[in-house]
There are 2 protein chains.
Amino acid sequence: MTPQTPELPGPDPLLDAEVASQIPFLVARARRRVHSHSTAALAGLDLKLRHFAVLSLICSGAQPTQRELGEFLDLDPSQIVALVDSLEERGAVRRETDPRDRRSKIVVPTESGHDLHEQAAALTRASEETVLQTLSPRERRQLRALLQKVAF
Amino acid sequence: MTPQTPELPGPDPLLDAEVASQIPFLVARARRRVHSHSTAALAGLDLKLRHFAVLSLICSGAQPTQRELGEFLDLDPSQIVALVDSLEERGAVRRETDPRDRRSKIVVPTESGHDLHEQAAALTRASEETVLQTLSPRERRQLRALLQKVAF
DNA sequence: TATTGTTATACTCTATAACTATA
DNA sequence: TATAGTTATAGAGTATAACAATA
């Protein structure tokens with residue numbers, strides 16, 4: 001006696017597909033949503049997510065070399081060059097040759113680089129808030145912890 | 001009195017950077033790991049993750065049109081064309097014009113398409129197992145549920 | 001006039017290899 | 001000989017706009 005309403009929107013039948021419950025699909029889709037949100041949030045500062053990531057590592061106080069940046073972000077050295085280039089061009093960071101190994105270059109933040117990072121971090125935190133709206137504070141902590149396990 | 005061991009590997013100091021605890025960074029990195037794992041798992045079948053996703057939706061019994069595939073996967077119609085093309089060329093699916101709207105095309109699986117999907121699904125499930133090794137069964141369920149909330 | 005699928009095009013991202021300077 | 005950074009190039013992936021057939 002359940003009423004037949006075959007044309008109403010209802011839950012998407014495609015959710016029953018095997019792929020819809022598999023982690024690779026779910027992370028890819030979640031990443032897309034999160035990425036587009038925070039990309040939009042950073043657009044006002046003319047920063048992309050990758051540039052922000054690099055800037056944040058540089059502002060951490062760890063004084064990373066370009067190689068260390070590449071290893072942590074799992075990016076090719078040549079990509080780090082381009083990212084650091086654009087941050088240096090806008091005066092946010094400086095390259096200094098490592099005195100202990102003059103092949104390496106330590107990347108350090110300028111004062112305006114620190115300012116930029118703080119503004120950007122505030123924006124990405126706010127965007128996180130928006131995307132995770134449907135999650136309780138406890139669920140957010142869980143998600144963060146679980147992703148950290150998977151990511152590293 | 002804490003011993004100074006500045007040169008030992010230890011935990012990466014870059015983990016202290018703000019970005020290292022933010023969701024956009026973590027999902028991006030997790031997605032990379034998961035993606036490369038399952039891409040490698042599917043390589044033997046000459047399938048990419050996207051093709052598998054489309055095939056899986058087509059094999060779900062929902063009889064989706066190309067437009068519905070695009071909406072669910074959040075992909076442009078032109079990309080769906082290319083994906084369905086390559087699946088059709090290898091005989092895994094067929095396009096049939098929707099009798100109720102002859103503009104639309106319903107994509108249906110062939111018998112060999114079903115076989116391919118089962119093989120592929122087994123491979124991606126196994127790859128999931130590998131990537132989520134460090135997570136308990138309970139944590140895996142949690143991660144899946146949380147990602148579903150974020151992804152949809 | 002609006003929509004589905006299609007084609008063509010350009011743009012971004014990513015991967016690779018070769019080059020330089022230091023070690 | 002090996003490594004850090006750089007440069008150049010090609011490939012994959014993605015986004016956009018215009019078109020034909022149908023509604």
Side-chain angles (χ1 to χ4, degrees), chain A residues 7 24-25 27-29 31-33 35-36 38-40 42-43 46-54 57-58 63-89 93-108, chain B residues 24-25 27-29 31-36 38-40 42-43 46-54 57-58 63-89 93-108:
Chain A
E7 296 299 353
F25 169 75
V27 281
R29 210 183 143 108
R31 180 248 169 201
R32 245 177 196 247
R33 275 203 62 215
H35 187 271
S36 66
S38 45
T39 297
L42 288 175
D46 193 26
L47 265 185
K48 306 218 168 152
L49 216 42
R50 295 219 162 162
H51 297 77
F52 167 66
V54 170
L57 296 176
I58 293 170
Q63 301 217 325
T65 66
Q66 294 190 194
R67 168 146 295 267
E68 288 164 340
L69 291 173
E71 276 167 9
F72 190 81
L73 295 174
D74 199 21
L75 290 179
D76 193 85
S78 62
Q79 291 182 53
I80 302 293
V81 170
L83 291 166
V84 173
D85 274 354
S86 77
L87 288 174
E88 194 171 37
E89 278 163 22
V93 307
R94 269 199 328 273
R95 284 184 237 237
E96 299 183 352
T97 54
D98 186 341
R100 293 169 307 179
D101 181 344
R102 296 175 46 216
R103 289 173 303 183
S104 302
K105 295 187 182 164
I106 295 173
V107 194
V108 297
Chain B
F25 169 75
V27 282
R29 209 182 144 106
R31 180 246 169 204
R32 245 178 198 248
R33 276 204 62 215
V34 170
H35 188 270
S36 67
S38 45
T39 297
L42 289 175
D46 194 26
L47 265 184
K48 306 217 169 154
L49 217 42
R50 295 218 161 164
H51 297 78
F52 167 65
V54 169
L57 295 177
I58 293 170
Q63 299 217 328
T65 66
Q66 294 190 192
R67 167 145 298 266
E68 288 164 339
L69 291 172
E71 276 168 10
F72 190 81
L73 295 174
D74 199 21
L75 290 180
D76 193 85
S78 61
Q79 291 182 53
I80 301 294
V81 171
L83 290 167
V84 172
D85 275 354
S86 77
L87 287 174
E88 194 170 36
E89 277 163 23
V93 308
R94 268 199 329 273
R95 284 183 237 237
E96 299 181 353
T97 53
D98 186 341
R100 293 169 307 178
D101 182 344
R102 294 176 47 216
R103 289 174 303 183
S104 302
K105 295 187 181 164
I106 295 173
V107 194
V108 297

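Here is the naming used below: chain letters follow the sequence lines, and residue numbers restart at 1 for every chain. Quick caveat: nothing in here was measured; it's all calculated off a predicted structure. No hydrogens, no waters, no symmetry mates; every other heavy atom, side chains included, goes into these values.
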K.L.:
Both Arg103(A) and Gln66(A) contact DNA chain D. Taking the nearest nucleotide for each, which residue is further toward the 5' end?
P.N.:
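Whichever sits nearer the 5' end wins; that is Arg103(A).
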
K.L.:
What integer distance in Å separates Lys48(A):NZ from dT14(D):C1'?
P.N.:
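The answer, rounded to whole Å, is 12 Å.
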
K.L.:
At less than 4.0 Å, is any side-chain N or O atom of Arg67(A) found next to OP1 or OP2 of dA2(D)? Yes or no.
P.N.:
no

K.L.:
Send over the distance from Leu49(A) CG to dT12(C) C1', rounded to a whole Å.
P.N.:
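Going from Leu49(A) (CG) to dT12(C) (C1'), I get 15 Å.
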
K.L.:
Does a nitrogen or oxygen in the side chain of Lys105(B) sit under 4.0 Å from OP1 or OP2 of dT6(C)?
P.N.:
yes

K.L.:
Given that Leu75(B) and Pro77(A) both sit by DNA chain D, which one's nearest nucleotide is further toward the 5' end?
P.N.:
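Result of the comparison: Pro77(A).
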
K.L.:
What is the distance from NE2 of His51(B) to P of dA12(D), rounded to the nearest Å?
P.N.:
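For the pair His51(B) NE2 and dA12(D) P, the rounded distance is 12 Å.
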
K.L.:
How close or far is atom C1' of dA4(D) from atom CG of Leu83(A), stated in whole angstroms?
P.N.:
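Distance check: Leu83(A) CG to dA4(D) C1' gives 16 Å.
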
K.L.:
What residue among Val54(B), Leu42(B), Val34(B) forms side-chain contact (heavy atoms from CB on, under 4.5 Å) with Leu49(B)?
P.N.:
Leu42(B)

K.L.:
Can you find a donor-acceptor N/O pair under 3.5 angstrom joining the side chain of Ser78(A) to the base of dT16(C)?
P.N.:
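Per atom types, the contact qualifies.
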
K.L.:
Mind checking Ser104(A) for me? I need base, sugar-phosphate or nothing, with any heavy atom below 4.0 Å counting as a touch.
P.N.:
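Sugar-phosphate, no base atom in range.
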
K.L.:
Rounded to the nearest angstrom, tell me the gap between atom CD1 in Ile80(B) and atom P in dT4(C).
P.N.:
13 Å

K.L.:
To the nearest Å, how far apart are Asp76(A) CG and dA8(D) P?
P.N.:
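In whole Å, dA8(D) P and Asp76(A) CG are 16 Å from each other.
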
K.L.:
Out of Leu75(B), Ile80(B), Thr39(B), which residue meets the side-chain contact (heavy atoms from CB on, under 4.5 Å) rule with Arg50(B)?
P.N.:
Leu75(B)

K.L.:
To the nearest Å, how far apart are Glu96(A) CD and dA4(D) C1'?
P.N.:
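To the nearest whole Å, that distance equals 17 Å.
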
K.L.:
Please report, rounded to the nearest Å, how far the C1' atom of dT22(D) is from the CZ atom of Arg100(B).
P.N.:
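Distance, rounded to whole Å: 16 Å.
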
K.L.:
Is any side-chain heavy atom of Lys105(A) closer than 4.5 Å to a side-chain heavy atom of Val81(A)?
P.N.:
no

K.L.:
With sugar-phosphate meaning primed atoms plus P, OP1 and OP2, does Asp98(A) contact a base, only sugar-phosphate, or nothing at under 4.0 Å between heavy atoms?
P.N.:
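Contact class for Asp98(A): none.
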
K.L.:
For a quick test of reading the model, state the closest non-hydrogen atom pair linking Ala28(A) to Arg31(B) and the distance between them.
P.N.:
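So the two residues come closest at CA-CG, 4.0 Å.
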
K.L.:
Tell me whether the OP1 or OP2 atom of dC13(C) has a side-chain N or O from Gln79(A) closer than 4.0 Å.
P.N.:
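For Gln79(A), the contact criterion (side-chain N or O under 4.0 Å from OP1 or OP2 of dC13(C)) is not met.
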
K.L.:
Would you mind reporting whether Thr65(A) and Asp101(A) have side-chain heavy atoms less than 4.5 Å apart?
P.N.:
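They are not in contact (no side-chain heavy atoms under 4.5 Å apart), so the answer is no.
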
K.L.:
Is the distance from OP1 or OP2 of dA12(D) to the nearest side-chain N or O of Arg50(B) less than 4.0 Å?
P.N.:
no

K.L.:
Hey, does the side chain of Arg95(A) come within less than 4.0 Å of dT6(D)'s phosphate (OP1/OP2), counting only N and O?
P.N.:
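The answer is yes; a side-chain N or O of Arg95(A) sits under 4.0 Å from OP1 or OP2.
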
